[in-house]
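Structure first, commentary second.
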Amino acid sequence: MKKQFIAGNWKMNLTMNDAKDLARRLCNEAVNSDAVDVGVFPAFVFLRDICEILHTSKVYVGAQNMYMEKSGAFTGEVSGAMLRDVGCTHVIIGHSERRTIFQETNAMINSKIKAALSCGLSPILCVGERQEERDAGKTSEVIGNQLTEGLAGLTSEQIKELTIAYEPVWAIGTGNTATPEQANEVHAFIRNILESKHGNDTAQCIRIQYGGSVNSKNANELLGQPEIDGALVGGASLDPKSFLDIVYEAVRLS
Ligand code: PEP
């Protein structure tokens with residue numbers, strides 16, 4: 001069993017004070033277990049403060065997105081080097097909200113992953129099918145394309161730096177979690193693709209998180225699946241107790 005990685009995607013939520021309180025709570029609680037990795041992904045404007053609060057803890061801090069260029073006339077965007085500069089170690093790339101609302105393509109996501117790696121950030125690449133794609137029996141095709149195009153041109157060594165998050169779009173923020181079996185099946189499919197393209201060693205190294213309405217009640221069953229190596233948690237990561245309960249569930253299973 002791999003070390004589980006529990007990540008909290010705070011999205012465009014919280015005030016600065018609330019974000020700092022949440023970070024302090026995570027810092028003070030026993031999130032410093034070596035048994036699991038924990039990370040939080042606040043909004044850009046909170047990153048520096050949250051990095052300062054958590055830098056003595058083992059909780060990773062990352063951004064929810066970045067731009068693929070190093071610097072220049074890209075109004076409103078943030079580069080990987082800027083994220084490193086404020087203390088981030090991770091970045092989420094290709095979240096379904098970025099793909100859907102901001103029209104990010106697999107090609108853009110691929111450029112962002114390369115840019116993140118080149119400045120020492122560990123990307124979490126999100127993949128997942130929409131409800132209509134699942135209903136049409138296209139889950140494998142969609143996820144296969146997202147992986148193939150998203151990881152194009154990366155070496156196996158680079159791919160080992162990544163975490164993949166399988167997040168069925170129909171399960172995000174809806175309360176409709178994939179069943180543990182559904183999730184495990186797609187995770188196994190993802191690992192098979194990684195193995196066929198990049199070898200068994202790479203496929204076995206990579207952690208595949210499940211995301212989509214994970215909470216303290218369903219975490220045990222989901223995280224107990226053999227192919228699930230952690231969770232990317234949205235809504236439940238805003239409540240310290242819920243998030244910590246998920247973390248402790250991962251510690252118990254380790
Ligand atoms: C997410 O946005 O990555 C997510 C999984 O959200 P939620 O847990 O709220 O479904």
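Everything numeric here is computed off the predicted structure, so don't read it as measured data. By convention here, the first residue in the shown sequence is residue 1. All ligand and atom numbering here is 1-based and tracks the order in the structure.
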Taking the basic N atoms (NZ, or NE/NH1/NH2) and the acidic carboxylate oxygens, is any pair closer than 4.0 Å for [X] and [Y]?
X	Y	value
Glu195	Arg191	no
Lys241	Asp245	yes
Arg130	Glu133	yes

Are there over 12 heavy-atom neighbours, none belonging to Lys11, within less than 6.0 Å of that residue's NZ?
yes
Can you check whether [X] has an N/O within less than 3.5 Å of an N/O in ligand 1?
X	answer
Thr174	no
Val233	no
Ala236	no
Gly235	yes

To check your reading of the model: name the closest protein heavy atom to [atom], its residue, and the distance in Å.
atom	result
atom 1 (C) of ligand 1	His95 NE2, 3.2 Å
atom 2 (O) of ligand 1	Lys11 NZ, 2.5 Å
atom 5 (C) of ligand 1	Glu167 OE2, 3.0 Å
atom 8 (O) of ligand 1	Gly234 N, 2.8 Å

Close-contact set for ligand 1 against [X] heavy atoms, below 4.0 Å:
X	answer
Gly173	7 (P), 9 (O), 10 (O)
Gly212	5 (C), 10 (O)
Ser213	7 (P), 8 (O), 10 (O)

- Message: Can you confirm whether the side chains of Trp170 and Glu132 place a donor and an acceptor under 3.5 Å from each other?
- Response: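 No, Glu132 and Trp170 have no side-chain donor paired with an acceptor closer than 3.5 Å.
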| said: Can a side-chain donor-acceptor contact be found between Asn220 and Glu249 if the only test is distance below 3.5 angstrom? | reply: yes
### Any Met68 side-chain heavy atom under 4.5 Å of Lys114 side chain
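Not in contact.
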Would you say the side chain of Leu194 lies within less than 4.5 Å of the side chain of Gln204, judging by non-hydrogen atoms?
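No - every pair of side-chain heavy atoms lies 4.5 Å or more apart.
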Next item on the list: From the options Ile93, Val78, Ile92, select the one residue that forms a side chain to side chain contact (heavy atoms under 4.5 Å, CB included) with Met66.
Entry: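 It is Ile93, the one option of Ile93, Val78, Ile92 that forms the side chain to side chain contact (heavy atoms under 4.5 Å, CB included) with Met66.
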Note: Ala171, heavy atoms under 4.0 Å from ligand 1, region reported as backbone
Counting heavy atoms under 4.0 Å, the part of Ile172 that contacts ligand 1 is both
